[in-house]
Amino acid sequence: MIYLDNAATTKVKKEVVDAMIPYFTEKFENPSSIYTPSREIAKDLQDAREYLAHTINADASEIYFTGSGSEADNWAIKGIAMAKKAKGRHIIISKIEHHAILESVKTLEKLGFEITYLNVDKDGLVDLEELENSIREDTILVSVMTANNEIGTIEPIKEIGAICHKHNCLFHTDAVQAYGVLDIDVKEDNIDLLSTSAHKINGPKGIGFLYVRKGLMISPLINGGNQEQGKRAGTTNSALIMGFKKAAELKFQTKDEDNKYILGLRDHLMDRVLKEIPYVRVNGSVEKRLPANMNFSFEFIEGEGMLLKLDALGICASSGSACTSGSLDPSHVLLAIGLPHAIAHGSLRLSIGKDNTLEEIDYVCDNLVKIISELRSMSPLYEDFVKKEGK
Ligand SMILES: *Cc1c(COP(=O)(O)O)cnc(C)c1O
């Protein structure tokens, strides 16, 4: 099997599993209890919180563990909306946000909040001038992702944060794809709230964190006990937090060399596909792009057919985001960068990981050339096109 869907999720490292197991077995006690074993676990969890905080130049008290990246996104949007609704009910997001953000603001729209959706250019970049012009007296929050999960485009978050602060509104960024890949400094980058998720960096599923700048008011997500400073109740999930810490440690230790290796594979993939397959385009910015992400659109191709043929060869890939595959609507991200429906339908996302090899990439390229040509040979649209072109 060749796994090229690391933007959907990643394999949990053995070291990460090993780091978690004791917290299911001998260290099972409730970390909130007062006896010695619990206090020891509480200390381990505090170390984890401090380590994770340090990776984004935050303080441990600014890290709130959540059950996922989606939960962190929901909380950031809804928690700020509830806490700030006396100041205003206007929120700005980009058109290419993850569904966790898009659906959260839709819920708020039904409650009387007003949402502005920022356009992106053909590379998927937001326009800073449009952002600045969209901010109003009653704007309480701007949410723009650090990097996009479908096309890999890296947004100018530091500049976005600066504009937000100049106009006295808060800035949230969904950094789920960027965390552990790009350097993020919440202070330098003018970030008030930031979402992450462990399973995108070889950690376990079901754990993420929301960074909330000190002193900032956010409504609690879950009422109950005083876990997560009384804002997200529920017995602390020691094992997943320790797994998250281990995954982050491993990721940050080798971040630069991993990025370089992955980028080498990505560029090889891009070069071969562009050279060997006609009528293809790269989606997303070529320069401002996550190293692991590749997204192509092949004209005269149905994405589903392509994915099934790849799957038959043991190649795992995606046509859009994991959440949208299975639905027939083209991805909102591809439409936002201006792709016509027909071309958006022929899209393929390959997201590379440290475990992939050059041989695997070559195998994928060899087969992609064949698959595309086979599928096109069955396409009446392609036949007409070829006739018209006189080829
Ligand atoms: C995966 C992802 C999420 C959701 O994270 P989960 O932990 O799977 O809920 C949110 N935003 C982006 C950009 C993602 O890639």
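Every number for a ligand or one of its atoms is a count from 1 in the order of the listing. Keep in mind it's a predicted model, so treat the numbers as computed, not measured. Reckoned from all heavy atoms, side chains included, excluding hydrogens, waters and symmetry mates.
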Under a 3.5 Å threshold, yes or no: a donor from one side chain and an acceptor from the other, between Ser297 and Ser347?
yes
According to side-chain hydrogen bond (donor to acceptor under 3.5 Å, both in side chains), who are the partners of Asp384, at least two apart in sequence or on a separate chain?
none
Atom pair CG (Leu274) and CG (Asp271), whose distance is rounded to the nearest 0.5 Å
7.0 Å
Please round to the nearest 0.5 Å and tell me the distance separating atom OG1 of Thr153 and atom CG of Asn283.
9.0 Å
Pairs flagged by ring-ring contact (aromatic ring centres under 6.0 Å, His included) wherever residues 132-168 is involved - sequence neighbours left out
none
Sequence neighbours excluded, the answer for salt bridge (charged side-chain N to carboxylate O under 4.0 Å, His left out) partners of Asp311 is none
Set of residues that line ligand 1, where lining means a heavy atom lies under 4.0 Å from it
Ser68, Gly69, Ser70, Asp73, His98, Met145, Asn149, Asp174, Val176, Gln177, Ser197, His199, Lys200
